[in-house]
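The next block holds one structure in the form of structure tokens; read it before the comments.
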Amino acid sequence: QVQLVESGGGLVQAGGALRLSCAASPTSASAKIINIVAVDWYRQTPGKQRELVAALTWAGTTNYADSVKGRFTISRDNAKNTVYLQMNSLKPEDTGVYSCNPDVLIDTDGTTWSGWGQGTQVTVSS
């Protein structure tokens, strides 16, 4: 029903910035997307558990892990069915594969779809 495409990762020096995107699109002509109503952004680092770094809730509030608070910001563009994770003042410990996990409203009756992006690698060099 919904395809997610992540982009924006890359290699950056410490102190730099990246903006990750997670775009939702319908997989068929009959499928539709109303908007992305919530999203969790996760970070996976080898040898560590997957970490929830940022979240946009159904209520429209945002939550951030202490390790990224003040540096990362979630935003949403409903016209593009895309959510973003702006990452500033990046540190080497921010290195990892970042994945989005959004709730996508796919019908006016309130039906939602949830899935995972393919992940995008972020590498921060010291």
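Residue numbers start at 1 and run along the sequence shown.
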Would you indicate whether the side-chain heavy atoms of [Y] and [X] approach each other to under 4.5 Å?
{"X": "Thr95", "Y": "Val122", "value": "no"}
{"X": "Ser30", "Y": "Gln1", "value": "no"}
{"X": "Pro92", "Y": "Asp94", "value": "no"}
{"X": "Asn88", "Y": "Phe72", "value": "no"}
{"X": "Val124", "Y": "Gln13", "value": "no"}

So, the side chain of [X] versus the backbone of [Y]: is there a donor-acceptor pair under 3.5 Å, distance only?
{"X": "Thr45", "Y": "Lys48", "value": "no"}
{"X": "Thr61", "Y": "Ala59", "value": "no"}
{"X": "Asn35", "Y": "Asn81", "value": "no"}
{"X": "Arg76", "Y": "Ile36", "value": "yes"}
{"X": "Arg71", "Y": "Ser89", "value": "yes"}

Item to complete: Could you grab the distance from atom CD of Glu6 to atom CD of Gln118, nearest 0.5 Å is fine?
Response: 5.0 Å

Practice prompt. Quick one: which residue pairs count as a disulfide (SG to SG under 2.5 Å) with a foot in residues 18-111, not counting sequence neighbours?
Written response: Cys22-Cys100

Worksheet item: Apart from Leu52 itself, what residues make up its hydrophobic cluster when side-chain heavy atoms of I, L, V, M, F, W and Y under 4.5 Å apart count as a link, directly or indirectly?
Response: Tyr42, Trp116

Discussion item. In this structure, would Ile74 and Val68 fall into the same cluster of hydrophobic residues linked by side-chain contacts under 4.5 Å?
Written reply: yes

Worksheet item: Does a side chain donor of either Ser114 or Asp103 reach within less than 3.5 Å of an acceptor in the other side chain?
Response: yes

Worksheet entry | Distance-minimising heavy-atom pair for Ile106 and Lys32 | O-CG, 3.3 Å

Discussion item. For a side chain to side chain contact (heavy atoms under 4.5 Å, CB included) check, start with the C-alpha distance between Ser7 and Arg19, then their side-chain angles and the critical distance, and finish with the verdict.
Written reply: CA-CA 8 Å; Ser7 60; Arg19 188 179 76 160; over 6 Å; no

